[in-house]
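The model shown is predicted, which means the values in this text are computed figures rather than measured ones. For this chain, numbers begin at 1 and follow the sequence in order. Read the numbers this way: they start at 1 and go in the same order the structure lists the ligands and their atoms.
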Amino acid sequence: MTKILEIMNASPVIPVLSFKSAEEAVQVCRALYGAGLKVLEITLRHESGLAAIAAVKKDLPADAVVGAGTVLTPEIAKNAKEAGAAFGVSPGFTEELAKAVKELDWPFLPGVATLSEAMQAKEWGFTELKFFPAAVSGGPAFLKAVGSVLPELTFCPTGGISSDTAEDYRSLPNVVTVGGSWLTPRGIDGEIHLNLDLD
Ligand SMILES: O=C[C@H](O)COP(=O)(O)O
Ligand SMILES: CC(=O)C(=O)O
């Protein structure tokens, strides 16, 4: 099984994707993959989320790494793994979820926004973490401070990041990739209009 750090290292940007249907997911993910983005996080915020993961995984070449975002409960984690998600991401961290993903033996990125949460995640054996919501939780300065006391932790900051600020995070020694939705904005017409500005 691929480790979560390998997945993070495979792409400098992980698009965080919210789709309205599996068909929309396939269409947009084809374009993202075509632009060189092989690690894709499909959030489970829409009822079609699991179907979208399964459809994109089936549609894209085998080197695409399709994961699930907004994994909030053990049940969602189990369903996402069964749908074929290669990894899971959560905006937060709970003991129940930590226990469940350990049992599932599934590459997982729990979300933290404070030092105490990061220490708790580390106690559970998670050394790769999502920093969410990054921009409003202290941005690069927070991660720099964390690095001075917990240098063994590696982060994927997400939340409020754009092509203008991505490098401020990635230039830190404890950051390998960033997540964000800026590549797939939804217009007033309700459709996704790709913005392939990576950095
Ligand atoms: O809801 C948050 C998204 O998952 C990522 O944040 P963003 O939209 O600020 O890039
Ligand atoms: C925002 C986020 O962390 C997620 O949907 O997984």
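Short contacts between ligand 1 and G160, defined as distances under 4.0 Å to a heavy atom of the residue, involve ligand atoms 7 (P), 9 (O). Close approach of ligand 1 to G180 (heavy-atom distance below 4.0 Å) involves ligand atoms 10 (O). For ligand 2, the atoms closer than 4.0 angstrom to any heavy atom of R45 are 1 (C), 2 (C), 4 (C), 5 (O). Residue contact check: G69 has heavy atoms under 4.0 Å from atoms 6 (O) of ligand 2. The distance from ligand 2 to the heavy atoms of V89 drops below 4.0 Å at these ligand atoms: 6 (O). Close contacts of ligand 2 with E41, meaning ligand atoms under 4.0 Å from a residue heavy atom, involve 4 (C), 6 (O). Atoms of ligand 2 lying under 4.0 Å from any heavy atom of K130, numbered from 1 in the order shown and given with element: 1 (C), 2 (C), 3 (O), 4 (C), 6 (O).
In terms of polar-atom proximity, T43 is not counted as a contact of ligand 2, lacking any N or O under 3.5 Å from an N or O of the ligand. Polar contact with ligand 2: absent for S90 (N/O pair, distance under 3.5 Å).
Ligand 1 has at least one atom lying under 4.0 Å from a heavy atom of R45.
G159 CA, 3.5 Å is the protein heavy atom nearest to atom 6 (O) of ligand 1. When hydrogens are left out, the protein atom nearest atom 8 (O) of ligand 1 is S181 OG, 2.5 Å; that is the closest non-hydrogen contact.
K102 forms a cation-pi arrangement with F126, by the criterion of a distance under 6.0 Å to the ring centre and an angle within 45° of the ring axis.
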For T43 and S18, run side-chain hydrogen bond (donor to acceptor under 3.5 Å, both in side chains): C-alpha distance rounded to whole Å, both residues' side-chain angles, the deciding distance at 0.1 Å, then the answer. CA-CA 6 Å; T43 61; S18 295; 2.9 Å; yes

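Although no hydrogens or angles enter the test, the distance criterion places a donor-acceptor pair under 3.5 Å between the side chain of T177 and the main chain of S11.
Annotation: side chain of F155 is in contact with side chain of V112 (closest heavy-atom distance under 4.5 Å).
Of the heavy atoms in T158, only side-chain atoms (C-beta onward) come closer than 4.0 Å to ligand 1.
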